[in-house]
> 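Quick one: the structure is below, questions incoming.
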Protein chains: 2
Amino acid sequence: MKNIRIKDIAVKAKVSAGTVDRVLHDRGNVSEKVKERILKIIEEMNYEPNFMARALGTKKEYHFAALIGDPKYDAYWLDPKSGIQKAAKEARQYGVKVTLFMFNPYDPGSFIKKAEEASRSNPDGILLAPMFYREVLPFFEAWKAKEIPFVLFNTQIAEFDPLSYIGQDSYQSGQVAGKLIHYGQPNPPSVLIAHIDEEISNSAHLTKKEQGLRNYFLQNNLSHQYEIIKAELNLRNYALFVEQLDAIFESNPQLQFCFVTTSKAFEIARYFEQKFISHIRIIGYDLIPQNLHHLNKGSISFLINQNPLGQGYWGINQLVDHLVFKKEISAIKFLPLDIVTKENLNYYIDDSLLYNRF
Amino acid sequence: MKNIRIKDIAVKAKVSAGTVDRVLHDRGNVSEKVKERILKIIEEMNYEPNFMARALGTKKEYHFAALIGDPKYDAYWLDPKSGIQKAAKEARQYGVKVTLFMFNPYDPGSFIKKAEEASRSNPDGILLAPMFYREVLPFFEAWKAKEIPFVLFNTQIAEFDPLSYIGQDSYQSGQVAGKLIHYGQPNPPSVLIAHIDEEISNSAHLTKKEQGLRNYFLQNNLSHQYEIIKAELNLRNYALFVEQLDAIFESNPQLQFCFVTTSKAFEIARYFEQKFISHIRIIGYDLIPQNLHHLNKGSISFLINQNPLGQGYWGINQLVDHLVFKKEISAIKFLPLDIVTKENLNYYIDDSLLYNRF
DNA sequence: TTGTAGGCGTTATCAA
DNA sequence: TTGATAACGCCTACAA
C-alpha cells in the first residue's frame, strides 16, 4: 500500500536502517552475508528511494563547472547560459553550486585557459561544449583520471564516453532542411549551402548538416535533378563576404534556396535586402534575435531550433540526477529538431521550451 | 549565504516557527500586527520555501480525478492517458493518487456519466478535457461550489475560470498550416479544408483552425489569389465519405492541398492511395499511428503536433504544483505547435517531449 | 493567539 | 561490522 522505506527493509532483514543505507550506497563495512540478504529484500519489495528525503537529509555540497562559449563573442551562447542558470537556480536547494567558465568560441587558446580554470576549481561534475576537438582531449583524460563526470552538449564527441551527451543531431537537421526545400519546390531547385562563420571552427558540425541535406536528395532519388552549390564564407572581412556573395549570385541566377548551416542566416537576409533579392528562400539555424527579426519579416522562411536553452538546462540536470539523486541517466539525449517559422515562433521563445516536453 | 528557513524568519520576527508557518499558509489565528511584521520580513529576506521539506512534512493525501476520452473509441487519447499516468507515477511520492475516468468521446451521455462518477469520488482536484460544452457547464458550477480546482486541457473554455488551461492554440495552428501551404506553393494554390470526424462534436475547435488558415491569407493579402474549399465530412458511413470526396475532387481538379483539421488526415491519404492521386499534399494534426504511417510514406507532408502526452503530463503537474507544493501556477499554458515531418519525427514520439522543454 | 514537540524518509556521526 | 541518534526544513497536533 504505502511506499517501502529503508526502515521496512531494515525490519525485514533484521538489521538497522544504517546498515541498509550502507548497502544502498555501497559504503562498505557490511558483511557479505548481510549485504546479500539486504539486496535480495530490496529487490523483492522493489524499494524506490524517496528523493525528497534524500535531498533533505544529505549534507554534501556539490560544485559544478559549466564551460561554455561567451555570449559576448557570439549571441548564440545566451540561451545555453540561461538554461544553465535556470537549472542552477532550481538545484540550489539541493546544495548545488554552478560556476560558469566562458571562453571565446573563436579562440582555442581561450578554451584551454578556461578549461584549466574549471579543472582547478575541482568540481564534482562538469558540463561543457567541447568545441575544439584537439584541445579538449587532454582534459577528458585528466577528468577521467580524477573521476570527475562530465556531460557534453552542443558538440558530440563519443570517444571518451562522457556521462551523457545532450544535443542536436546535426546530420538529421540537414535532412529536415532537405525536406523543407523539397517541399517548397517539388520541381528541381537549386540550393546554396552556406557555411558562414567568423572562424572555421567546429566544422565537423557543419559538414554533418551538409551531408544530411545532400543525402536527403540521394535517398529520395532526386540528386541528379538538384543543383547544390557550396560556399564557405568568412565574416571577419565583411567587404570580402559581400564580394563573394555577389560572385555567387551573379553567376548562379537560378538559385532558389539558401541553407545556412550556422546561426548567421540573418547575414544572408540582410544581404538580400540590400540587393533587393526577394525570390530566394532562406533556411537557417537558431532563434537568435537577428534571425528572429528576419523570420518575422518573412525574409527567413524557417529556422531549425536546437533548443540551446534546453541543452544547458538538461545538461546541468543530468549532473544533478546523477550525483545528487544518484538516478540512472541516459547516455545520450537528443533534443527535438524544431521547425520554427513566424507562425509558431511564440511557443519556442520562452519557458515553454522547458516545460512542454518529456 | 545559506537558504533562508522558516526558523530564520521566526527568530528575526521574535515569534515561533509555527506562527510563521500559519502566516505563510494563511491559516489564521495570527494577530494582524504580527502577521504584517512577519510578511515584511519574509519579503525582505526573500524567503523561498523548500519544496522537498514541504512535501516530506505534509501528511495529506491527494486524490485527483482525470476525465478524458477513452482510447478505445479514439486512439488520440492514448497520449494524454500516457502523460497523465507518467505524471501520476512521479507524484505518487507526494501522496498523490490519480484516478482515470474515461468517456466515449462521441457520446455526451457517456461524458456526463463519467463526470458524475468523477465528482462522486470527491477528488481534491480534477483534470479534464471538456469536450462537450453544454454538458460540462453544470459540473463546473458544482465544482466551483465545492471549491474543487479543475484544470482544463485539449479544449479551451474560459468562462468558468479554471485553475489552469493547458493546450493548443487552435487558431494559431491554422496559421501555421497557412504558412506551410503558402510556402509549399507561392503561386496561388487551391486548398481543401476538410473537417473530418465521426461525430460533429467539438466543432468550435475546428472552426478556429479554419479561421486561422483563412486569416493567414487575408493578413498576407493573398486571399483573392487563393481558392479555399471547405468540406465537412462524416466517417460513420464510409461509402458516403468516399462518395463525397469523389464529388469534391472530380469537380475541383485544381486542388493542390488538403488541410485536415482533425486527426483523420490518414483517411484522406488512404483515399488518395486508392484513387492514385499523388499530387495533392496533405497537412493534418496529431501523431497517431495511422498518420505516422502515411507521414513516413510521404503521403502526408506535415503533421501539427499538439503534444497530447505533454498536455496530460503538465495538466496533472499543474494540480500537483498548486495543491501539493502550493506554488503559483500559470492560468494558461500553451504548448508549442510542433511542425512534424518524416525527418524530425523521431524526436517527437518518445519521452523527449517531456524533457526538452521549459 | 502563540509555542512546542514529534514526525516525514534519508543521511551521517559516533559509540558500541 | 553494526546500531542508535541527531540532523535536514517543514507541517501538524496539541498544549499553553
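Being a predicted model, the structure only gives us computed values, none of them experimental. All chains are named by letter (A, B, ...) in the order of the sequence lines, taking the proteins before the strands, and each is independently numbered beginning at 1.
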> When you match B:A53 and B:A17 each to their closest nucleotide on DNA chain C, which lands nearer the 5' end?
B:A17
> Please say which of A:V320, A:L319, A:D124 ends up in a side-chain contact (heavy atoms from CB on, under 4.5 Å) with A:Y62.
A:D124
> Rounded to the Å, how far apart are A:L56 CG and D:dC8 P?
10 Å
> Is the phosphate of C:dA12, meaning OP1 or OP2, less than 4.0 Å from a side-chain N or O of A:R27?
yes
> Could you work out which one of C:dT2, D:dT2, D:dC11 sits closest to the side chain of B:H25?
D:dC11
> What is the distance, rounded to the nearest whole Å, between atom CE of A:M52 and atom C1' of C:dT11?
16 Å
> Is any side-chain heavy atom of B:F150 closer than 4.5 Å to one of B:L152?
yes
> Please report the distance, rounded to the nearest Å, between NZ in B:K7 and P in C:dT4.
11 Å
> For D:dC8, does either OP1 or OP2 sit under 4.0 Å from a side-chain N or O belonging to A:T58?
no
> How many whole angstroms separate atom CD1 of A:I6 from atom C1' of D:dG3?
14 Å
> To the nearest angstrom, how far is A:E36 atom CD from D:dT1 atom P?
14 Å
> Distance check needed: C:dA12 C1' versus A:R54 CZ, whole Å only.
14 Å
> To the nearest Å, how far apart are B:Y47 OH and D:dG9 P?
10 Å
> Among C:dG9, C:dT2, D:dT1, which nucleotide has an atom closest to any side-chain atom of B:N29?
C:dT2
> Hey, is the side chain of A:T19 poking within less than 4.0 Å of OP1 or OP2 on D:dG3, counting only N and O atoms?
yes
> Under 3.5 Å, is there a donor-acceptor pair between the B:D169 and A:Y347 side chains?
yes
> Can you tell me the distance, in whole Å, between the CZ atom of B:R5 and the P atom of D:dC8?
7 Å
> Would a 4.5 Å heavy-atom cut-off, applied to side chains only, mark B:V20 and B:K7 as touching?
no
> What's B:N50 touching, base or sugar-phosphate or nothing? Going by heavy atoms closer than 4.0 Å.
sugar-phosphate
> Consider only side-chain N and O atoms of A:Y348 and B:D338, and report whether a donor and an acceptor are under 3.5 Å apart.
yes
